[in-house]
Every structure is written in C-alpha cells, then in structure tokens.
Amino acid sequence: MKKPLLAIGISLALSVPLVAQAGPKEDFQEVYSKAESTHQDAGTFQWTITSDRLKSAKSAADSGDYEKAVAMANEALKLAEESVAQRKQQKEAWRQVAIGN
Amino acid sequence: MRKGLISVCLTTLALSATAPVFAEPTQADIDRGKELAYSRKDGNCLACHKMDDGKLTGNIGPELADMKARFPDRELLFKRIWDETQFNPMTVMPPFGRHMILSKQEINRIIDYLYTL
Amino acid sequence: MLKAKVILVALGAALAVPQALAGATPEEDRKETVEYFKQMFPDVPFEEFVNGQYALNEDRRKQWESMQDFPPYEFAVAEGQEMFETPFANGKTYASCFENGGIGIRQNYPYFDTEKNEVITLELAINRCREANGEEPLKWKKGAIASISAYMASTSQGKPINIKVPDDPDALAAYQDGKEFYYSRRGQLNFSCASCHVQNPGKWIRADFLSPALGQPANFPVHRSKWGELGTLHRRFAGCNNNVRAEPLPAQSEEYRNLEYFLTYMSNGLPVVGPATRP
C-alpha cells in the first residue's frame, strides 16, 4: 500500500513517466491473478463471460494497454465473485424446485 | 483496499439507484432503452416477454404493457429488474443488475423505454 | 424450502411441484417426476414424451413428420454400422466388448459400474472398447462416435429404458450428484436445467419451444438442423450450459456422466427412439 503511493508521489513530483509506468503493470498483475483464482474457486459454476474478460485483460496487457487490462481484470474479478456466490448459494438453494426433495 | 471501498460504494449506489429525482428521459434515452431491451446480448427481454412491436417473443413471463399504471413506483421496478429473485426465489428471470448483465444506467434506460409502453 | 414452494403456488408461476419427503429414493423421484409432467400435460400419453417438443406442439409436429420419410441421419447410421462391424487391427470388433454383441442394448446405458465406481455411458464404453483393442479413442461429441452410437441406438428402437441405481452408496452418490447438477442454477443468466425443462416446458423462449425433462435422452444421438449433423447428448448439455453463459464441462466428464445418469433414470420405461431429428 505504502510503496505504490510513494512511487506515485515521487513520479508526480518529479514527473518521471518511467516510474509511473511501473504502477499499472503491477496493479494489473495483482488484480488479474486474484480474478483468475476467484474464477477457479467457482469450480463447475464458472461463467463464460468471466473467461472472456480474463482473455481480453490478458491480450490488452500483452499489447501494453494496462489501463484497459486493469479495467477488464477488475470486471472479471467482480463476475468471478458473483459466480462463487452463486456456487455457495446453490449448495442449498437447488432444492427449491427439485422434484423429490 | 481503496478499490474494495469503491466497489462497496458502487454497490450501495446501485441499490439505491433511483433515489434521486429523474429528469424526463430524452427520445435518445428511450431509443437506447428499447435497443437494450431487444438486443440478445443485453436485456433480451423478448426471450420471455411479449412487448411493443417485438417479433418472435417468448411467453415465459407476462406481457410488458401499461407499465406506468402498473408500476408507478420506479424504484420498485428498478429493483425487480435488478434482481427478481429477491421477490420470487423461484423466478427464472435473470438478476440483470446483481449478475452484471446490465449496468445501473442500462437498467434505467430500459425503464425509460418501459414507461412508454 | 417449503415456503418457497408455497410462494410458487401462490404466484401461479408454474404448476405446484409435488411435495416430497427429504431423502427420496431415485424411484420415488422418478414417479413424482412422471406425475408432475402428467399433471402439466394431461393430454399427452406417457410414451409421447420421447418426442420432446413435438409431443407438445402440433405445428412443429407436422413439420417434423413431413421430414420422416427421408431422415437426414440415415447415411450416418449406415456408416456407423459399417464401422461397428469392421474389425480392429487385432481382428476383434466392437461386438466383443458388449453384452449381446452390442445389439439392442442402448436402453441399459448409462449404468453404474460398481467395480470402477463410475457411470459408464454408451460413448464411454465405445471408446474404452477401442482402447482395450489398441485403437485411438474417437472425439466425443460428433462424427464417428455419434454414428456408431446412432447405429447401436437404432438396433434398440422401442426397447424401454432400463437404468438401474444399484444398492450401493457410490451409485446413489453419482445419481444425487446428477440430480443436484440438474437443479442448480448456473451461469451469468442464472438458470438451472430445471428452469427451462421442468418449470417451463411447453413455453416459448424467444423462437425456441421448450421440451420437458421427461423423455429427453431417449432420442439421442440426435441430428439437429442447426448442427447439420449428428451430435451426442453431452454436446447438447454443453450447448444448453453455454446458452446461459455457464462454462460447459468436457464431454464425458464425471459431472456430465452423472447428469446423464440422473436424467436417463427419470425416463425409465420410455422407449428408445434414437437417432432422431430436432431443429
């Protein structure tokens, strides 16, 4: 938390663009790996749209567009979190319309 | 952490989305709403609802007509489109807002359109 | 849970799901399922459920019947027979792997193998047979495997589906797994298989007319005009998952085999009619 802030502070103060550019890449990697592991947690409840967002995030990052990459990875993370919530909820809720339960 | 906070704020915002007074929608808002409601990759309301001049509509849900008279409370209508399972746990209508199929703005455009029916 | 059912009835959103006791047996589940669909479609004779949407929609049925003189899968079935009868490199044939030489046995698949502790589908058995005889396995969802499976189904036409859940905790667990999969909501659009095929058969979802769960597996493999060829049941599962934006599972994964086990058990007593045609 402190380090990136410091980096941004310095880069702003000195307006050294190179330092600032280190931020988005790390930001991306952090969000992306969190999104990916949350997507894995969904098990057999994964959403195709999450996989799509992860792919777009990856290809944006590969072409150096970290702003888009972070946005896509963040979206993937939120979608993945909903799919995990669905998985947990369905553990019991599947019985609601089941015939013979 | 900051991001966490932001996303919390966004969710609460979204849930109380209709608190502010609404300006009269423009024709562009209404057109956009219709487009979102009809498009297969967005609302795809026609999959289940007969409405307006929609072609090849499904009949899983009731016809969407006379909306202003039947749903005078805009906030309530918003909440049902956001997540109908909160009102009927057995419903097959997708939770458009909760599952991020449509954004808050998109749902509001759809409501602008629905209110012309 | 009970409350939810009461709400459903009150809303009249669907027919009342019959009340049941917790821990129902597969046979109790099946009887209730048959009863549920009988109540929903009192005019449809039991055996008609194998025809899916055509059992419920007169217009679609007429179109379908007009196709029956020259079914588009005939060539594939003939090809399947030829492959079935052609010896492997080691001189043996598929017949050596199956009861009754593989003729007239479709109705017994899938079954639970209590030694291997898993559900064996017909397609799995076909590929295991190949591997046991030193041949490469076939791709799962279409092509040669669908043709062979279609030929085997065609030799079993009219035989009542006869799936057994042996008195074995693992077999029961596989069945329960399939049942839970069937009723669990998945995907961004939040549908279970039951949302469409139990709660809403006989209704239109956009331009598609929904068939009931009962009888569905009886007509597989199926020639869909959308595919322009034959496909297996797991190809259909994947398609239905994908449509609700749920990541499909691999064909012949344990999950899909268990799902097939549950779904086919529900259709016990209905005749095999595969291969068939669908839109």
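Letters A, B, ... are given to chains in the order of the sequence lines, protein chains preceding strands, and every chain is numbered from 1.
One distance of note links CG of C/L210 with CG of B/N59; it measures 9.0 Å at 0.5 Å rounding. Atom-to-atom distance recorded for C/R245:CZ and B/H99:NE2 is 12.0 Å, nearest 0.5 angstrom. Atom CG in B/N44 sits 8.5 Å away from atom CG in C/L189 (nearest 0.5 Å). Once rounded to the nearest 0.5 Å, the distance linking CZ of C/R206 with NE2 of B/H49 reads 12.5 Å.
C/N190 places no side-chain N or O within 3.5 Å of a backbone atom of B/P94 that could act as its donor or acceptor partner. Panel note: side chain C/Q199, backbone B/V92; no donor-acceptor pair is recorded below 3.5 Å.
Contacts of residues 253-260 of chain C with chain B at a heavy-atom distance below 4.5 Å are absent; not one residue qualifies.
Interface summary for chain B: among C/S195, C/C196, C/G187, the most heavy-atom pairs under 4.5 angstrom belong to C/S195.
Contact between C/W204 and B/T57 at its shortest, heavy atoms only, is CB-O, 4.4 Å.
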